[in-house]
Amino acid sequence: MKIRYYDFAEATIPDERIKMVLEPPSLETEKGEIEFKNELKSLLEEKLVPRLSGISSLLLLVDDITRQTPTKWILPVVIDIATRCG
């Protein structure tokens, strides 16, 4: 997979090293933080946890402040689950 940041930088990650690409659907404004985190946790427990078996290191790429992704809600949940998986 090639990852490109505008014309500034580019990286190539071998496909066999990629465990999952998470692209959340747009955030519904009616949904609160707790409900969102609970749904995300459930999704990650089902889809991500089985893929983390045997992994000794993990690279998480997140977008920057110019995007509307609720990273402050997502990242702690992902880090918690990954930490519990070892």
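Atom set for the values below is all heavy atoms of this structure, side chains included, hydrogens, waters and symmetry mates excluded. If you read the sequence from its start, that first residue is 1, and numbering goes on from there.
- Lys2 is linked by a side chain to side chain contact (heavy atoms under 4.5 Å, CB included) to Glu10, Thr12, counting only residues two or more places apart in sequence or in another chain.
- Checked against side-chain hydrogen bond (donor to acceptor under 3.5 Å, both in side chains), Ser53 has no partners two or more places apart in sequence or in another chain.
- Open room surrounds CD1 on Ile34; 12 or fewer heavy atoms of other groups in view lie less than 6.0 Å from it.
- For Asp15, the side chain to side chain contact (heavy atoms under 4.5 Å, CB included) partners are Met1, not counting sequence neighbours.
- Just one of Leu43, Asn38, Leu44 meets the side-chain contact (heavy atoms from CB on, under 4.5 Å) condition when paired with Val77; it is Leu44.
- Residues passing the side chain to side chain contact (heavy atoms under 4.5 Å, CB included) test with Pro14 are Glu16, Arg17, sequence neighbours excluded.
- Considering only residues two or more places apart in sequence or on other chains, Lys47 meets the side-chain hydrogen bond (donor to acceptor under 3.5 Å, both in side chains) condition with none of them.
- Residue pairs meeting the salt bridge (Lys or Arg N to Asp or Glu O under 4.0 Å) criterion with at least one member in residues 71-86, sequence neighbours excluded, are Glu45-Arg84, Asp80-Arg84.
- To the nearest 0.5 Å, atoms CD1 (Ile81) and CG (Leu48) are separated by 7.0 Å.
- For Leu59, the side chain to side chain contact (heavy atoms under 4.5 Å, CB included) test picks out Leu61, with sequence neighbours left out.
- Counting only heavy atoms from C-beta outward, the side chains of Phe36 and Ile74 approach each other to under 4.5 Å.
- When all heavy atoms of Pro76 and Thr71 are compared, the closest pair comes out as CD-O, 3.8 Å.
- Evaluation of the salt bridge (Lys or Arg N to Asp or Glu O under 4.0 Å) test over residues 61-70, restricted to residues two or more places apart or in two chains, returns none.
- For residues 49-59, no pair satisfies salt bridge (Lys or Arg N to Asp or Glu O under 4.0 Å), with sequence neighbours left out.
- Hydrophobic cluster membership differs between Ile65 and Val62, with clusters built from Ile, Leu, Val, Met, Phe, Trp and Tyr side chains linked at under 4.5 angstrom.
- Of the inter-residue distances, the one linking Trp73 atom CH2 with Glu33 atom CD reads 5.5 Å to the nearest 0.5 angstrom.
- For Ile18 against Val21, the heavy-atom pair with the smallest separation is CG2-CG2, 4.0 Å.
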